[in-house]
Amino acid sequence: MRVSTLFARTLRNDPAEAEVAAHRLLLRAAFIRKTAAGIYTTMPLGLRTTAKIERVVREEMDAAGSQELRMPIVLPAEPWRATGRYDAYGDLMFRLQDRHGREFVLGPTQEEVVAELAQHELPSYRDLPSNVYQVEWKYRDEFRPRYGLLRGREFLMKDAYSLDRDEVGMRESYQAMYDAYVKVFDRLGLDYVIVEGDPGQIGGGVNHEFMALADVGEDLFVRCENGDYLADTEAATPRPPDAAPDEEPPPLTEVDTPGAVTIELMSEQMGLPAEATMKCILFDVEGRSVAVLVPGDREVNEEKLARLHFPARVRPFEDDDFTERGFAKGFVGPQGLGSNVTIFADPAIRGRAHWATGANRPDVHVTGATFDRDFRVDRWQDLVQFREGDRCPVDGGRLEIARSIVVGHIYQLGTYYSAPLQATFQDEDGSQKPFVMGSYGIGITRIMSAAVEQNHDDAGIRWPKLLAPFEVAIIMANADASAVTDHAERIYRELTDRGIEVVLDDREERAGVKFADADLVGYPVQVVVGARGIEAGTVDLKVRSTGHRSQAPLAEAAETAVDLLTTAP
RNA sequence: CGGGGCGUAGCGCAGCCUGGCAGCGCACGUGCUUUGGGAGCACGAGGUCGCGGGUUCGAAUCCCGCCGCCCCGACCA
């Protein structure tokens, strides 16, 4: 490819809309152009890079026994109603109607389609297990698209779906995909971690997120300073504090605390630190009342609580609930609560012998509330929201928050989709059973952004050679000297003949412009052919990722470039 | 969806407060000089000042409405 004909112009200024490095550099280097908020044209350079990501993904998917197909993007709305996702996704789905008023959605993912396909193609248990995948645009009308391709409304994703006869088979399929994902992300050279994730709205149980580390990542996760624990912030279960030493607790004593409806006001009026107070937070679980006890300085992790009760729905008490069920809002304590209230307590409640908490009467609190003597606990359960500095459940080390970009997510779905869609096969005993499914996503366009976040400097992108749109750039430093042109063209041919992906910067630009653009676009190896070098009988070479510069005899330019490329990251 | 900000040439911005010829840098075209890390000089092309309405002799500028985009939050395979 000759740069003079490349459909790309680099930008000298940073576009005002771009905040993070990946977005800024992909725009400046002409890998992408914005069409609308969160919707981008993939330019020739960007297409080459995404194609390389896709190639790695396809090779590993094929090797793992998944078969590629392609499903429509425009999907009838009906199956989405059947699985409940039409409403669950809400405004996150792009919706449209055809001329007859029939409703369609633009696919955000395609479990529904696969389930229906399987119904027809895999009628017998003898057809199982099976696994299909596609690489396709996905659509989500994000509340807030941002950071270019990191959170787009249209994005390229590889999605795979496994279909199994039973749970055991599903777990085997899941493990095969897990292993394939490790190979993919290892080959792509990403710095990543694997974290057991939150089930989210896609439904179901076990799932893992493959997270590329990046300071701009939107997804937070928790890790131990000693590297032996990783978890989603919502799923993190910090080690509870040590149990309080046995001591004779003071008697339960009421204290007037007019208007002290918050922990802050309460601890102020009572002259106690927030850690010595106990929150008793009330939730409604489909008509039943649930109380959750956590130390006053901690928050309840509602996600965890919701997961414990799934599929029942959990919501915090509203004002009406307090009045209707006879609770004093702001002054609730666990003492004397009847069996109509289920009391959950975080293990941290064991970390103190007695607590200050609500007296269940307006404007009154108590001190000395002691477990077993003054209140009961129906179930001990980790329910505090993780906080930086909590201790690691494995080795007690300090837990800290790191940022990442989710580039892969795999799920054990079970029959979450197949059952409501009545996607079934006939099992050996003659009965119809729903497929036991798994689904597996990899964000192709997101990986391109994540790779830039992890591989850039002030001058531009430093592509790993596997992801670079071209492997070698030949820069003609004095384009009007015919000796330069002859040698550059010769090296260009030699590299092309060796199967190297190479660009020849033959533009009528000054050398500095070409150097700057080569650094910006991020070609792994640069070969500089100029009058100065030709006089000495040499070319200059530079490895973008390391900045390493060297020289080679004119005749050995191509060979040296190949050597450098081979050893480059 | 709540809060904040911005829409002026391809990109980055000034002008708006205090109404009076639409500007600057880069990029683009032509010519000359230059030529190994984003050249210099000269000439030139390029604008419904986001859209609609209003006020005014006169609106990029003031007022009202709408749209788009960015940031923070909520939310999120």
Side-chain angles (χ1 to χ4, degrees), chain A residues 9-20 23-24 27-28 30 33-39 85 88-93 107-111 138-148 150-153 155 157-161 197-204 207-211 216-220 232 234 303 405-413 416-417 438-443 446 458-460 475-481 484 505 507-520 526-536 538-540 542 547 549 551:
Chain A
R9 69 180 299 108
T10 54
L11 310 176
R12 283 199 188 183
N13 298 323
D14 287 335
E17 69 193 48
E19 192 79 359
V20 304
H23 188 195
R24 203 178 69 234
L27 279 170
R28 279 193 57 198
R33 289 289 180 249
K34 188 174 73 173
T35 300
I39 297 179
R85 283 213 289 177
Y89 263 105
D91 290 337
L92 218 54
M93 273 204 293
T109 173
Q110 263 124 341
E111 283 79 2
K138 294 287 179 291
Y139 294 84
R140 294 178 49 178
D141 193 3
E142 293 285 351
F143 291 132
R144 186 182 164 203
R146 66 180 128 179
Y147 301 155
L150 283 179
R151 176 172 292 276
R153 295 195 292 173
F155 54 98
M157 173 168 126
K158 185 284 303 177
D159 47 324
Y161 306 88
D198 182 67
Q201 67 188 324
I202 201 162
N207 71 99
H208 288 86
E209 292 181 299
F210 292 72
M211 309 170 106
V216 302
E218 295 185 77
D219 285 270
L220 306 179
D232 189 276
E234 297 301 339
E303 293 282 336
I405 298 162
V406 178
V407 288
H409 204 160
I410 58 179
Y411 277 93
Q412 294 182 13
L413 297 175
Y416 189 84
Y417 295 97
S439 87
Y440 315 92
I442 290 182
R446 197 177 253 194
D458 289 345
I475 295 168
M476 295 198 284
N478 311 80
D480 55 351
V484 169
D505 197 342
R507 292 176 300 171
E508 291 180 20
E509 288 285 357
R510 299 169 63 84
V513 173
K514 299 184 182 183
F515 294 142
D517 273 353
D519 287 347
L520 175 62
Q526 300 171 11
V527 181
V528 182
V529 184
R532 200 158 78 192
I534 286 175
E535 242 172 74
T538 61
V539 294
D540 294 342
K542 175 177 157 182
R549 293 166 191 271
Q551 290 190 329

Distance check: side-chain N/O of R12(A) vs OP1/OP2 of rC26(B), anything under 4.0 Å?
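False: R12(A) side-chain N/O out of range (4.0 Å or more) of rC26(B) OP1/OP2.
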
Under 4.0 Å between a side-chain N or O of R146(A) and OP1 or OP2 of rC72(B)?
yes

Mind checking [X] for me? I need base, sugar-phosphate or nothing, with any heavy atom below 4.0 Å counting as a touch.
X: K158(A); result: nothing
X: G533(A); result: base
X: R33(A); result: nothing
X: A511(A); result: sugar-phosphate

What integer number of Å spans the [atom1] atoms of [N] and [M]?
N: rC16(B); M: rC11(B); atom1: P; value: 23 Å
N: rA45(B); M: rG52(B); atom1: C1'; value: 31 Å
N: rG68(B); M: rG50(B); atom1: P; value: 16 Å
N: rU48(B); M: rA60(B); atom1: C1'; value: 12 Å
N: rA9(B); M: rG5(B); atom1: C1'; value: 23 Å
N: rC6(B); M: rC62(B); atom1: P; value: 12 Å
N: rC13(B); M: rA22(B); atom1: P; value: 24 Å
N: rG15(B); M: rU8(B); atom1: C1'; value: 9 Å

Please pick, from [options], the nucleotide with the shortest atom-to-atom distance to any side-chain atom of [X].
X: K34(A); options: rC70(B), rA74(B), rA39(B); result: rC70(B)
X: R144(A); options: rC72(B), rC76(B), rA27(B); result: rC72(B)
X: E19(A); options: rC71(B), rG12(B), rC28(B); result: rC71(B)
X: A16(A); options: rC13(B), rG37(B), rC11(B); result: rC13(B)
X: R510(A); options: rG36(B), rG37(B), rA39(B); result: rA39(B)
X: N478(A); options: rG12(B), rG38(B), rG36(B); result: rG36(B)
X: F515(A); options: rC69(B), rG38(B), rG36(B); result: rG36(B)
X: Y147(A); options: rC72(B), rA39(B), rC76(B); result: rC72(B)

After noting the C-alpha distance and the side-chain angles of Y139(A) and M93(A), does the key distance pass the side chain to side chain contact (heavy atoms under 4.5 Å, CB included) rule?
CA-CA 7 Å; Y139(A) 294 84; M93(A) 273 204 293; over 6 Å; no

Using Watson-Crick or G-U wobble geometry with both distances below 3.5 Å, tell me the partner of [N], or none.
N: rU56(B); value: none
N: rC1(B); value: rG73(B)
N: rC13(B); value: rG23(B)
N: rG7(B); value: rC67(B)
N: rA42(B); value: rU30(B)
N: rU61(B); value: none

[X] [atom1] - [N] [atom2] separation (whole Å):
X: H23(A); N: rC70(B); atom1: NE2; atom2: C1'; value: 10 Å
X: E17(A); N: rC13(B); atom1: CD; atom2: C1'; value: 15 Å
X: N207(A); N: rC76(B); atom1: CG; atom2: C1'; value: 14 Å
X: D14(A); N: rC26(B); atom1: CG; atom2: P; value: 17 Å
X: L11(A); N: rG38(B); atom1: CG; atom2: P; value: 19 Å
X: L92(A); N: rC75(B); atom1: CG; atom2: P; value: 13 Å
X: L150(A); N: rC70(B); atom1: CG; atom2: C1'; value: 15 Å
X: D91(A); N: rG2(B); atom1: CG; atom2: P; value: 13 Å

With distance as the sole criterion, do the side chain of R549(A) and the base of rG37(B) form a donor-acceptor contact below 3.5 Å?
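Side chain to base: pair found, below 3.5 Å.
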
Using only modelled atom types and a 3.5 angstrom limit, is any donor from either the side chain of R507(A) or the base of rG38(B) paired with an acceptor on the other?
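Result: no qualifying N/O pair found.
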
Can you tell me how far the [atom1] atom of [X] sits from the [atom2] atom of [Y], to the nearest 0.5 Å?
X: L11(A); Y: D517(A); atom1: CG; atom2: CG; value: 10.0 Å
X: E142(A); Y: R153(A); atom1: CD; atom2: CZ; value: 9.5 Å
X: Y411(A); Y: E209(A); atom1: OH; atom2: CD; value: 6.5 Å

Apply side chain to side chain contact (heavy atoms under 4.5 Å, CB included) to I405(A) and R151(A), showing your working.
CA-CA 10 Å; I405(A) 298 162; R151(A) 176 172 292 276; over 6 Å; no

Return yes if a side-chain donor-acceptor contact under 3.5 Å exists between D159(A) and Y161(A), otherwise no.
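The criterion, which ignores hydrogens and geometry beyond distance, is satisfied for Y161(A) and D159(A).
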
Pick from R28(A), H23(A), E19(A): which one makes a side-chain contact (heavy atoms from CB on, under 4.5 Å) with D14(A)?
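Option passing the side-chain contact (heavy atoms from CB on, under 4.5 Å) with D14(A): R28(A).
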
RNA chain B nearest-nucleotide lookup for P145(A) and R9(A): closer to the 5′ end is R9(A)

Closest-nucleotide mapping onto RNA chain B: is G38(A) or F155(A) further toward the 5' terminus? I mean the 5' end.
G38(A)

Taking only Lys NZ, Arg NE, NH1 and NH2, and the carboxylate oxygens of Asp or Glu, determine whether D540(A) and R532(A) approach each other closer than 4.0 Å.
no

